[in-house]
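Data block below; observations after.
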2 protein chains.
Amino acid sequence: MAVTLRDVARLAGVSIKTASNVVNGYEFVKPENRRRVEEALAATGYRPNIGARNLRRGRTGFIALVVPELGIPYFGELASLVITAGREQGWNVLIEQTMATREAERAVLTALGPHMIDAAVISPEALHAEDFAELDPGVPLVMIGEHSVDVRIDHVAIDNVLAARTAVGHLVAIGRRRIAAIGAHPHRGTAALRLAGYHEALAAAGLPQRPELVREALRYHRQNGAEAMAQLLALPEPPDAVFCFNDLLAVGALRSIAERGLRVPEDIAVVGFDNTEEGAYSRPSLTSVAPDKLAIARTAVDLVRRRTGGTDAEFVPEEIQTPFTLEIRESSLPRF
Amino acid sequence: MAVTLRDVARLAGVSIKTASNVVNGYEFVKPENRRRVEEALAATGYRPNIGARNLRRGRTGFIALVVPELGIPYFGELASLVITAGREQGWNVLIEQTMATREAERAVLTALGPHMIDAAVISPEALHAEDFAELDPGVPLVMIGEHSVDVRIDHVAIDNVLAARTAVGHLVAIGRRRIAAIGAHPHRGTAALRLAGYHEALAAAGLPQRPELVREALRYHRQNGAEAMAQLLALPEPPDAVFCFNDLLAVGALRSIAERGLRVPEDIAVVGFDNTEEGAYSRPSLTSVAPDKLAIARTAVDLVRRRTGGTDAEFVPEEIQTPFTLEIRESSLPRF
DNA sequence: CCGGATTTTTACATCGTTGGCACAACGATG
DNA sequence: CATCGTTGTGCCAACGATGTAAAAATCCGG
């Protein structure tokens with residue numbers, strides 16, 4: 001059924017090794033033989049058995065991409081780009097979903113033995129620093145998005161503090177004074193960073209920190225945003241702007257605001273994070289921090305390539321910051 | 001570095017085969033030896049080398065899921081479910097993106113040789129019937145979503161004609177008379193089916209077919225929906241309702257309608273297709289045909305299991321219809 | 001305590017591929 | 001013509017796991 005190199009070699013009248021040499025682009029093959037092998041290759045439609053090749057070469061050709069959930073637009077879009085970037089470098093990308101549970105993320109670190117994949121790109125949501133210390137996956141790891149300061153792992157992300165400060169600074173610039181935040185989280189590193197940026201921006205503008213304006217979101221889904229916003233609107237003095245830690249939260253917030261009969265941006269300005277296409281088409285369209293997802297994907301895959309490149313020199317974790325912009329849309333237009 | 005069965009066997013003081021027998025649950029192993037091997041297994045943290053195992057067994061344990069693009073919410077959500085359903089049955093799911101190009105879909109059929117995967121679940125967008133005839137991937141194929149009548153391949157989908165008729169029937173029921181459709185496509189099977197359902201519903205209601213109310217969409221993205229809607233709004237007699245062939249088109253349509261200052265559903269009612277979460281949170285929230293995505297994922301994976309089960313009896317393609325509902329939301333509420 | 005049946009273990013070949021190495025073929029050089 | 005360096009090819013082993021089948025250990029009744 002399946003065509004093997006042996007079949008090709010037999011058809012071309014050469015040894016298996018010569019056929020292999022042609023396939024692998026080895027230089028010194030007699031033109032005559034090369035032609036015959038190539039014809040046989042074409043005639044049989046030969047495809048190398050990846051498993052066997054990897055077994056021999058000691059690599060698998062797979063990298064894992066560990067994300068919370070593909071159904072979340074940001075991760076869907078990111079996965080799409082990582083798959084493409086990986087493909088360009090000859091990798092197959094295997095996607096693992098953790099549903100943002102610490103247990104699943106730990107399991108992935110453990111189970112992704114050294115046999116199955118050559119490296120992993122992971123976007124942890126619930127892992128603690130000690131998890132990394134205690135579970136050694138045995139393959140290079142590149143973290144994207146999340147940031148745990150005391151973990152010695154390669155890391156690709158935007159400057160979350162600066163990004164958050166920029167977003168909130170923009171709200172200040174359009175004249176808002178009671179600026180809320182949605183998305184604080186007890187264990188999530190990025191949440192802490194974005195919250196820090198939020199506080200910095202308030203401080204820089206001389207605005208008071210009002211704890212009641214900061215809402216937690218245990219998951220970053222639309223519903224969580226809607227619930228948090230509903231709570232903010234129930235305050236005696238509701239906010240005149242809200243910075244959501246991702247676009248889904250913001251979309252949920254928009255809905256709660258609309259249900260209360262308030263208008264965006266006139267009554268409340270809204271800024272999101274991730275710049276998903278969904279936000280660009282929401283009503284009103286959503287101002288959002290726009291990480292360069294393509295850069296993140298490319299950089300992560302590139303790191304993987306370097307880490308699997310073999311040089312066993314002393315490991316110095318890389319901390320790479322990718323660019324971002326603030327996409328200003330209807331949800332935060334100035335009042336006049 | 002990597003622990004092999006040889007290491008385990010040495011540590012347990014038995015032969016490799018005995019260790020293998022324990023790992024594979026072979027019955028006749030002396031309890032004493034079984035215990036020793038199990039201890040060694042635990043002590044070394046052995047993980048089988050999947051590639052080697054598959055090489056020997058002649059299977060790969062992988063199935064491919066071929067979709068246009070993960071960044072599209074419907075496919076992101078579907079992929080998420082297929083991965084989970086596959087995992088439950090012991091499969092690793094490998095995702096391939098085709099960006100809805102015929103070329104990439106053909107390439108996938110060709111390249112997914114029999115070595116890499118055991119089967120493929122494919123959601124074709126641009127493939128023609130003859131592509132299937134001429135390219136034999138050499139592994140079982142299960143189609144989801146798309147329907148090409150004359151292809152002898154397993155197929156899982158909802159009844160697209162009925163679903164479209166239901167959606168349009170609903171628009172008729174709330175009193176709309178000039179009902180447009182967005183999403184016609186020259187080569188896409190599902191588009192033809194949904195269009196047929198649209199026509200059937202109009203006919204059943206005694207409404208005339210107006211060709212100018214049917215717009216093509218070459219891709220099913222938000223932007224295509226927005227453009228098509230803009231054209232409809234430019235008609236001398238614009239529609240009072242529009243049936244979009246997926247939620248993204250509908251979201252784009254909502255935006256165009258809003259930009260023209262018209263209201264949904266008062267001026268124009270909108271119905272989408274796919275029931276993505278994005279649609280449920282859009283403003284107004286989107287009435288949408290809701291395929292049971294979980295059922296589709298489960299059924300497809302189940303078919304894969306049966307097809308790879310080995311019985312080489314005569315191949316009779318299965319045609320499985322999964323259930324759907326119509327989720328009625330704000331975008332198609334009756335006028336009073 | 002032996003012959004035979006049954007349970008348990010082991011050696012060996014094998015899956016498809018590639019690296020290492022020996023050797024063959026070749027033209028060029030002294 | 002002998003020698004040499006350069007090219008090109010084929011043989012063998014190996015990657016890690018498992019199927020086959022034979023060998024070894026164990027058990028049973030007589």
Side-chain angles (χ1 to χ4, degrees), chain A residues 1-38 40-41 44-62 90 92 113-118 138-139 310, chain B residues 1-38 40-41 44-62 90 92 113-118 138-139 310:
Chain A
M1 186 75 196
V3 181
T4 78
L5 214 40
R6 171 197 238 87
D7 303 324
V8 173
R10 187 159 35 208
L11 183 59
V14 298
S15 79
I16 297 180
K17 189 64 212 286
T18 299
S20 169
N21 283 339
V22 171
V23 171
N24 291 52
Y26 182 62
E27 188 180 359
F28 301 116
V29 176
K30 210 196 298 180
E32 162 72 5
N33 282 347
R34 178 180 301 275
R35 191 184 53 73
R36 305 245 308 267
V37 171
E38 275 165 354
L41 246 25
T44 55
Y46 168 78
R47 302 261 127 210
N49 181 323
I50 310 292
R53 170 181 288 176
N54 292 334
L55 174 59
R56 182 62 245 240
R57 287 192 176 157
R59 13 186 331 259
T60 72
F62 284 90
N92 274 102
H115 292 309
M116 189 77 142
I117 57 167
D118 297 332
V139 294
Chain B
M1 188 73 199
V3 180
T4 77
L5 214 41
R6 171 196 237 88
D7 303 325
V8 173
R10 187 158 37 208
L11 182 59
V14 298
S15 78
I16 298 180
K17 190 65 220 278
T18 299
S20 168
N21 283 340
V22 172
V23 170
N24 291 60
Y26 182 63
E27 189 180 357
F28 300 116
V29 177
K30 211 196 301 181
E32 161 73 6
N33 281 349
R34 180 182 300 275
R35 192 184 52 74
R36 306 241 311 262
V37 171
E38 275 166 355
L41 245 27
T44 55
Y46 168 78
R47 302 258 128 212
N49 180 320
I50 310 291
R53 170 180 288 176
N54 292 334
L55 174 58
R56 186 60 246 243
R57 286 192 178 159
R59 340 179 15 237
T60 71
F62 283 90
N92 273 103
H115 293 309
M116 190 75 142
I117 57 167
D118 298 330
V139 294

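So you know, we letter chains A, B, ... as the sequences are listed, proteins then strands, and number each from 1. All values reported here derive from a predicted model rather than from experimental measurement.
Among dA17(D), dG16(D), dG8(D), the nucleotide with an atom closest to any side-chain atom of Leu55(A) is dG16(D). For Arg56(B), whose side chain is taken as the heavy atoms from C-beta onward, the closest listed nucleotide among dT17(C), dA13(C), dT7(D) is dA13(C). Closest approach to the Asn21(B) side chain among dA17(D), dT10(C), dC15(C) is made by dT10(C) (side chain taken as heavy atoms from C-beta onward). Looking at the side chain of Leu5(A), the nearest of the listed nucleotides dT18(C), dG16(D), dT18(D) is dT18(C).
The interatomic distance linking Arg47(A) (CZ) with dC15(C) (P) rounds to 22 Å, in whole Å. Rounding to whole angstrom units, NZ of residue Lys30(A) and P of dA25(C) are separated by 10 Å. Nucleotide dT20(D) holds its P atom 13 Å from the CG atom of Asn24(B), rounded to whole Å. The CZ atom of Phe28(A) sits 16 Å away from the P atom of dG5(D) (whole-angstrom rounding). Distance, Glu27(A) CD to dT6(D) P: 14 Å, rounded to whole Å. Taking atom CZ of Arg57(B) as the reference point, atom P of dT20(D) lies 13 Å away to the nearest angstrom.
Base pairing of dT29(C) is made with dA2(D), judged by Watson-Crick or G-U wobble geometry with both donor-acceptor distances under 3.5 Å.
Under 4.0 angstrom from either OP1 or OP2 of dA17(D) there lies no side-chain N or O belonging to Tyr26(B). The shortest distance between the side-chain N/O atoms of Ser20(A) and the OP1/OP2 oxygens of dT17(C) is not below 4.0 Å. Taking only side-chain nitrogens and oxygens, Arg53(A) never comes nearer than 4.0 Å to OP1 or OP2 of dG16(C).
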Derivation and outcome, salt bridge (charged side-chain N to carboxylate O under 4.0 Å, His left out), residues Glu38(B) and Arg35(B): CA-CA 5 Å; Glu38(B) 275 166 355; Arg35(B) 192 184 52 74; over 6 Å; no
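In this structure, the separation between OG1 on Thr44(A) and CG on Leu5(A) is 9.0 Å, given to the nearest 0.5 Å. In this structure, CZ in Arg56(A) is found 14.5 Å from CG in Asn49(A), a value given to the nearest 0.5 Å. In this structure, Ile50(A) CD1 and Arg57(A) CZ are separated by 9.0 Å, a value rounded to the nearest 0.5 Å. Atom OG1 of Thr18(A) is separated from atom OH of Tyr26(A) by 10.0 Å, given to the nearest 0.5 angstrom.
Under the 3.5 Å distance criterion, the side-chain polar atoms of Asn92(A) are left unmatched by any main-chain donor or acceptor of Phe62(A). The backbone N or O of Ile16(B) sits nowhere less than 3.5 Å from a side-chain atom of Ser20(B) that would complete a donor-acceptor pair.
For the segment residues 6-18 of chain B, residues with any heavy atom less than 4.0 angstrom from an atom of DNA chain D are, sorted by number, Ile16(B), Lys17(B).
Across the interface with DNA chain C, nearest-nucleotide mapping of Val29(B) and Ala52(B) shows Val29(B) to be the residue nearer the 5′ end.
Nucleic acid contact for Asn54(B): none, since no nucleic acid atom lies under 4.0 Å from a heavy atom of the residue.
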